[in-house]
There are 2 protein chains.
Amino acid sequence: MPGPIQSLSRAAAIMRLLAGGERRLGLSEVATALDLAKGTAHGILRTLQQEGFVEQDPESGKYQLGAELLRLGQSYLDVHELRARALVWADDLARAAGETVYLGVLHQQGVLIVHHVFRPDDTRQVLEVGSMQPLHSTALGKVLMAYDPVARGELGEGPLEAYTSRTLTELGDIDAECALIRERGWADAIEETWEGVASIGALIQDRRRNPVGAVCISGAVERVCEDGFVRPSLVASVRSAARAISRDLGAGRF
Amino acid sequence: MPGPIQSLSRAAAIMRLLAGGERRLGLSEVATALDLAKGTAHGILRTLQQEGFVEQDPESGKYQLGAELLRLGQSYLDVHELRARALVWADDLARAAGETVYLGVLHQQGVLIVHHVFRPDDTRQVLEVGSMQPLHSTALGKVLMAYDPVARGELGEGPLEAYTSRTLTELGDIDAECALIRERGWADAIEETWEGVASIGALIQDRRRNPVGAVCISGAVERVCEDGFVRPSLVASVRSAARAISRDLGAGRF
DNA sequence: GACAGGCGGTCGACATTGTCGACCGAGTGG
DNA sequence: CCACTCGGTCGACAATGTCGACCGCCTGTC
């Protein structure tokens with residue numbers, strides 16, 4: 001039976017739809033958005049609700065995502081081997097560099113943040129675990145594209161969004177950048193996604209040398225850069241953390 | 001069609017199964033655990049994998065939860081109105097009390113933590129957003145049971161697990177405790193779940209006075225308690241935070 | 001205040017769709 | 001080298017999910 005189960009794919013589409021829209025959605029909105037009969041959409045929603053994946057506001061009757069997703073997402077993190085091994089190294093890196101540390105993996109057309117260490121100071125920061133970052137304008141994303149053909153393939157051919165004036169939007173430029181990244185072994189992104197923010201990333205490999213994720217530090221361009229280039233000492237810290245995590249992942253084998 | 005969609009319910013059961021077991025599960029294990037034909041289980045797993053809800057270790061062929069769940073779980077938090085409104089109040093409460101703050105909602109037979117503010121000191125702490133706490137032995141759970149008949153109903157009739165010697169395990173004791181909680185307007189739990197930990201919780205209501213969640217502070221019994229009772233000043237802080245959040249939730253209406 | 005239009009939800013007929021159990025090739029341990 | 005178990009496939013069958021019409025309710029309008 002090499003075909004996806006229709007009702008399941010539709011349920012997934014509904015959940016993604018609910019995740020995308022900021023506000024709650026009504027039954028009819030869901031049905032028309034996905035081109036389903038109202039009865040069909042209702043059946044799926046009712047089941048999802050029963051399972052806790054979707055909740056219904058009893059007042060308006062509109063639907064939103066449910067708590068079970070949060071619980072399962074947490075379980076995903078619990079089992080995540082890369083994340084587990086990287087926890088302590090990421091902590092050390094944040095302390096050594098004095099900057100925010102992200103750990104990301106390829107997911108669909110972006111980088112999913114699976115771990116986030118706050119910059120070690122007292123400013124209020126929001127946890128970004130579970131959020132996505134673009135592939136073509138972040139150090140994490142560029143590292144993954146440089147080493148993982150699948151990641152590069154996710155860019156497609158469409159025009160790339162320019163978040164700032166420094167964002168690379170031409171596929172040719174991206175490929176040249178990737179070649180450079182492979183050559184020197186690390187990636188940077190200076191104000192390519194957010195004004196004023198620069199990041200430095202390096203690859204994490206598993207025991208068979210497959211790319212499985214990336215670490216990066218991210219911080220104000222004034223601190224991370226010097227004379228328009230990222231500080232070599234920070235690059236060294238990031239690469240050493242990435243090597244340490246990769247070694248840790250391979251430990252089971254040797 | 002007032003019946004759940006079979007394939008969806010089964011998919012949900014598979015994901016819960018994967019979330020429960022600490023390690024990855026093979027196809028046959030899943031099939032036998034849920035009493036499904038191997039082909040059926042495989043079809044569901046394949047679809048879930050395609051949608052990103054499940055990942056397969058290419059080496060062993062075993063299955064685990066997928067990254068999409070983390071992303072959707074995060075989206076759940078983004079939309080969560082109670083959490084959004086409570087963010088700043090929880091922060092203030094943590095600072096004022098000098099203790100860890102949790103925000104929880106009823107989910108199935110437990111309390112799901114939707115927000116967590118670390119105790120304001122430099123000790124290393126792990127984020128518990130997305131994890132579950134028991135109903136009958138935590139301040140959060142007892143508050144919810146005292147005011148929400150649904151929560152009380154989730155206890156069922158079975159024997160309650162005793163986590164410590166102070167855990168209430170008799171339903172009669174629980175009901176008496178709930179009556180007391182309703183009378184005085186707050187709940188405590190002193191070493192009822194974890195040795196050495198005490199917590200104080202209060203109810204959060206929405207604009208129609210329905211119970212929607214609870215806040216609590218939690219910390220070492222030496223700091224939270226005095227002469228065997230929780231410190232009145234901390235109780236006052238928690239109750240005031242709960243009132244503030246409830247008021248915030250009702251703001252839309254008045 | 002009656003109407004119209006929208007909502008969420010239900011119903012029953014239909015055939016599409018998911019299910020089942022036998023089967024396959026690969027890997028593994030005895 | 002066999003025998004076992006693994007993940008995965010296949011095709012027949014009917015159980016299952018789907019569809020579109022319909023229902024009652026609420027809201028806003030004329």
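Everything numeric in this text was worked out from a predicted model, so none of it was measured. Residue numbers start from 1 in every chain, and the chains themselves are labelled A, B, ... in the order their sequence lines are given, proteins ahead of strands.
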Rounded to whole Å, how long is the line connecting atom CG of B:Asp57 with atom P of D:dC6?
17 Å
Establish, with yes or no, whether the OP1 or OP2 oxygen of C:dG8 is under 4.0 angstrom from a side-chain nitrogen or oxygen of A:Ser28.
yes
For a quick test of reading the model: is some side-chain N or O of B:Gln56 closer than 4.0 Å to OP1 or OP2 of D:dG8?
yes
Using atom CZ of B:Arg24 as one end and atom P of D:dC6 as the other, report the distance to the nearest whole Å.
18 Å
Counting just side-chain N and O atoms, does B:Tyr63 come under 4.0 Å of either OP1 or OP2 of D:dG8?
yes
Can you check the B:Leu27 CG to C:dT19 P distance for me, whole Å?
14 Å
Kindly say if B:Thr40 contacts the phosphate of C:dC20, meaning a side-chain N or O under 4.0 Å from OP1 or OP2.
yes
Expressed in angstrom and rounded to an integer, what is the separation of B:Leu36 atom CG from D:dG8 atom C1'?
16 Å
Expressed in angstrom and rounded to an integer, what is the separation of B:Gln50 atom CD from D:dG8 atom P?
14 Å
Run B:Arg152 and B:Glu157 through salt bridge (Lys or Arg N to Asp or Glu O under 4.0 Å) and show every step you take.
CA-CA 10 Å; B:Arg152 171 60 183 81; B:Glu157 316 170 352; over 6 Å; no
Start at the 5' end of DNA chain C and walk down; is the nucleotide closest to B:Asp35 or to A:Arg10 reached first?
A:Arg10
Touch class at under 4.0 angstrom, heavy-atom based, for B:Lys38 against every strand present
base
Starting at CD1 of B:Ile44 and ending at C1' of D:dG17, how long is that distance when rounded to a whole Å?
14 Å
Pair B:Arg71 + A:Glu128: basic N to acidic O under 4.0 Å:
no
Assess, by modelled atom type and distance only, whether the side chains of B:Thr193 and B:Thr138 contain a donor and an acceptor separated by less than 3.5 Å.
no
Nucleotide nearest A:Ala37 (side chain, heavy atoms from C-beta), chosen from D:dG8, D:dG20, C:dT19:
D:dG20
Terminal axes of the helix from C:dG1-D:dC30 to C:dA15-D:dT16 (five pairs each): angle between them, nearest 10 degrees
0°
Should A:Gln6 be listed as having a side-chain N or O under 4.0 Å from OP1 or OP2 of D:dT16?
no
Please check if the side chain of A:Arg83 supplies one atom and the backbone of A:Val114 the other of a donor-acceptor pair under 3.5 Å.
yes
Below the 4.0 Å mark, does C:dG9 have OP1 or OP2 next to a side-chain nitrogen or oxygen of A:His42?
yes
Within the 4.0 Å heavy-atom criterion, would you say B:Glu29 contacts the bases, only the backbone, or no part of the nucleic acid?
nothing
Separation of C:dT19 atom P from B:Arg46 atom CZ, nearest Å, is 11 Å
When the C1' atoms of C:dA15 and C:dT19 are considered, how many whole Å apart are they?
16 Å
For A:Asp57 and A:Gly61, indicate whether the former's side chain and the latter's backbone hold a donor-acceptor pair under 3.5 Å.
no
Determine, for B:Trp186 and B:Arg184, whether the Lys NZ or Arg CZ falls below 6.0 Å from the six-membered ring centre while staying within 45 degrees of the axis.
yes
Just by distance, with hydrogens left out, do B:Ser218 and B:Ser199 show a side-chain donor and acceptor under 3.5 Å apart?
no
Any ring-ring contact (aromatic ring centres under 6.0 Å, His included) pairs touching residues 37-78 of chain B, not counting sequence neighbours?
B:Tyr76-B:His80
Rounded to whole Å, how long is the line connecting atom CG of B:Leu34 with atom P of C:dT19?
12 Å
